[in-house]
Amino acid sequence: VMTRMQLLFTGVFGTLALASVIGGSLKFAVARGRAHGVIDNLNARIRAWWWMVALIGIAFVFNKGGVLVLFGLASFLAMREFFSMTYTRRGDHAALALCFFVVLPVQYWLLWIGWYGLYAIFIPVYAFLILPVAAVLQSDTVRFLERVSKVQWAVMICVYCLSHVPGLLMLEIPGYHGENLMLIAFLIIVVQSSDVLQYVFGKTLGKHKIVPKVSPNKTWEGTVGGIAAATLIGTALWWVTPFSPWEAAGIALVVNLAGFAGGLVASAIKRDRGVKDFGSLLAGHGGILDRVDSLCFAAPLFFHLVRFTFGDGPALSL
């Protein structure tokens, strides 16, 4: 008998296989094998998703350790992408070193040992106070406030917010012991499917721009259609969670709205810096931060919704 996790991954791989067939058919029937911007981009996204789902699956095999390593690496790469396009000076080197080699590993170590009380405040309190001190000791005040703010923002988004995905493993939920990996799977599937479906609906039905000066490709039709469809997916996946179908629907809607907000903020940052993507590591997806921007906003909200609504036990004590 297949476990719920095996059944879930079978469904995900089946969906990717179907998407690959559709993408290949469109390339043959519509593009006639020639270059086609939208179809080629869609197929590149599908190929990248095969790799990402495979990596997540491998991480899940190794349980807590694998998930922490995967998201710790994602935080490292996302933060590197962020800093690579921001203005920094020699006086920032000490603060940047602290970000990569102290703040990030300590945050994930706190997850490993399950110390929620310090995990919750380590970055927004202690790191936020220490990083400006590390910078000011270099005696460089040129654009100091701007530089320090960028360092703090990068750590908050790329490390603190993203670490709430593996942070779900800390939660103790009555009647759901040992199943927390499926909470991570639920969150990733719902939020990422919203991104994909917003793209699909936007390309096929999109006409009315939402914020053209920030993200000219985001339309009301694409956003509403994508979020609604992804919310239905979340509702259909209630059986892998401790939620009822109605609870799954409400939570999926909330995290999809948060994910949309994250994508919009990321678009504003890229437009401010004059770049299309944060990086080029993932073909069809840009960089790591392009792929996790929605998760960065959705994960903390999902974590606390689950914690305060369904959680119980000593892992939640301060």
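- Note: Leu168 CG to Ile184 CD1 = 5.5 Å, rounded to the nearest 0.5 Å.
- In this model, no donor atom of one side chain and acceptor atom of the other lie less than 3.5 Å apart for Thr235 and Trp246.
- Note: Phe297 and His164 fail the aromatic proximity criterion, with ring centroids not under 6.0 Å apart.
- Within the structure, the salt bridge (Lys or Arg N to Asp or Glu O under 4.0 Å) test picks out the following pairs touching residues 66-93 (sequence neighbours left out): Arg89-Asp140, Asp92-Arg147.
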message = Assess the residue pair Arg34 and Lys27 against the criterion (side-chain contact (heavy atoms from CB on, under 4.5 Å)); give the C-alpha distance rounded to whole Å, side-chain angles, the decisive distance to 0.1 Å, and a yes or no.
response = CA-CA 8 Å; Arg34 296 187 293 270; Lys27 181 69 174 178; 5.8 Å; no
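- Thr10 and Gln6 share no side-chain donor-acceptor pair at under 3.5 Å.
- Panel note: side chain Ser244, backbone Glu247; a donor-acceptor pair is recorded below 3.5 Å.
- Environment of OH in Tyr87: crowded, with over 12 heavy atoms of neighbouring residues, nucleotides or ligands closer than 6.0 Å.
- Proximity of Tyr119 to Met170: side-chain heavy atoms (C-beta onward) are separated by under 4.5 Å at one or more points.
- Under a 3.5 Å cut-off, the side chain of Arg307 and the backbone N or O of Leu171 do not form any donor-acceptor pair.
- Here the side chain of Gln192 pairs no donor or acceptor atom with the backbone of Ser294 at under 3.5 angstrom.
- The two atoms that bring Phe82 and Ala154 nearest to each other are CD2-CB, 3.5 Å, heavy atoms only.
- A side-chain N or O of Ser75 and one of Tyr108 form a donor-acceptor pair less than 3.5 Å apart.
- Scanning both residues, Cys99 and Val155, for their nearest heavy atoms gives SG-CG2, 3.3 Å.
- Not a single donor-acceptor pair under 3.5 Å links the side chain of Lys209 to the backbone N or O of Thr219.
- For the pair Glu221 (side chain) and Lys207 (backbone), a donor-acceptor distance under 3.5 Å is present.
- Within a 6.0 Å radius of CZ in Phe28, no more than 12 heavy atoms belonging to other residues, nucleotides or ligands are found.
- The shortest distance between side-chain heavy atoms of Leu183 and Ile173 falls below 4.5 Å.
- For Tyr160 and Phe122, the gap between ring centers reaches or exceeds 6.0 Å.
- Counting heavy atoms from C-beta outward, Val306 and Phe243 have side chains that approach closer than 4.5 Å.
- In this structure, the side chain of Gln152 engages the main chain of Phe128 through a donor-acceptor pair within 3.5 Å.
- Across all non-hydrogen atoms, the minimal contact from Val151 to Leu96 is CG2-CD2, 4.1 Å.
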request  = Mind running side-chain contact (heavy atoms from CB on, under 4.5 Å) on Leu169 and Leu111 for me, showing each step along the way?
outcome  = CA-CA 8 Å; Leu169 296 176; Leu111 279 177; over 6 Å; no
key: Stepwise side-chain contact (heavy atoms from CB on, under 4.5 Å) test for Lys150 and Phe83   = CA-CA 8 Å; Lys150 288 175 181 176; Phe83 285 134; 5.6 Å; no
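- Taking a 6.0 Å sphere around NE2 of His304, one finds it holds more than 12 heavy atoms contributed by other residues, nucleotides or ligands.
- Inspection of the Glu172 and His177 side chains reveals no N or O donor paired with an N or O acceptor under 3.5 Å.
- Thr223 places no side-chain N or O within donor-acceptor distance of the main-chain N or O of Trp220, the cut-off being under 3.5 Å.
- Proximity of Leu18 to Ile22: side-chain heavy atoms (C-beta onward) are separated by under 4.5 Å at one or more points.
- Contact record, Ala94 with Ala134: CB-O, 4.0 Å, taken as the closest heavy-atom pair.
- Taking the six-membered ring where the residue is Trp, Phe303 and Tyr116 present parallel rings, their angle staying beneath 30° rather than reaching 60°.
- Considering every non-hydrogen atom in both Ala248 and Trp238, the closest pair reads CB-CB, 3.7 Å.
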Taking distance alone, no hydrogens or angles, what donor-acceptor pairs closer than 3.5 Å link side-chain atoms of residues 267-275 to residues at least two apart or in another chain?
| from | atom 1 | to | atom 2 | distance (Å) |
| --- | --- | --- | --- | --- |
| Ser267 | OG | Gly263 | O | 3.0 |
| Lys270 | NZ | Asp290 | OD1 | 2.8 |
| Arg271 | NE | Lys213 | O | 3.2 |
| Arg271 | NE | Val214 | O | 3.0 |
| Arg273 | NE | Met85 | O | 2.9 |

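- Here Phe310 and Tyr176 keep their ring centres 6.0 angstrom or further from each other.
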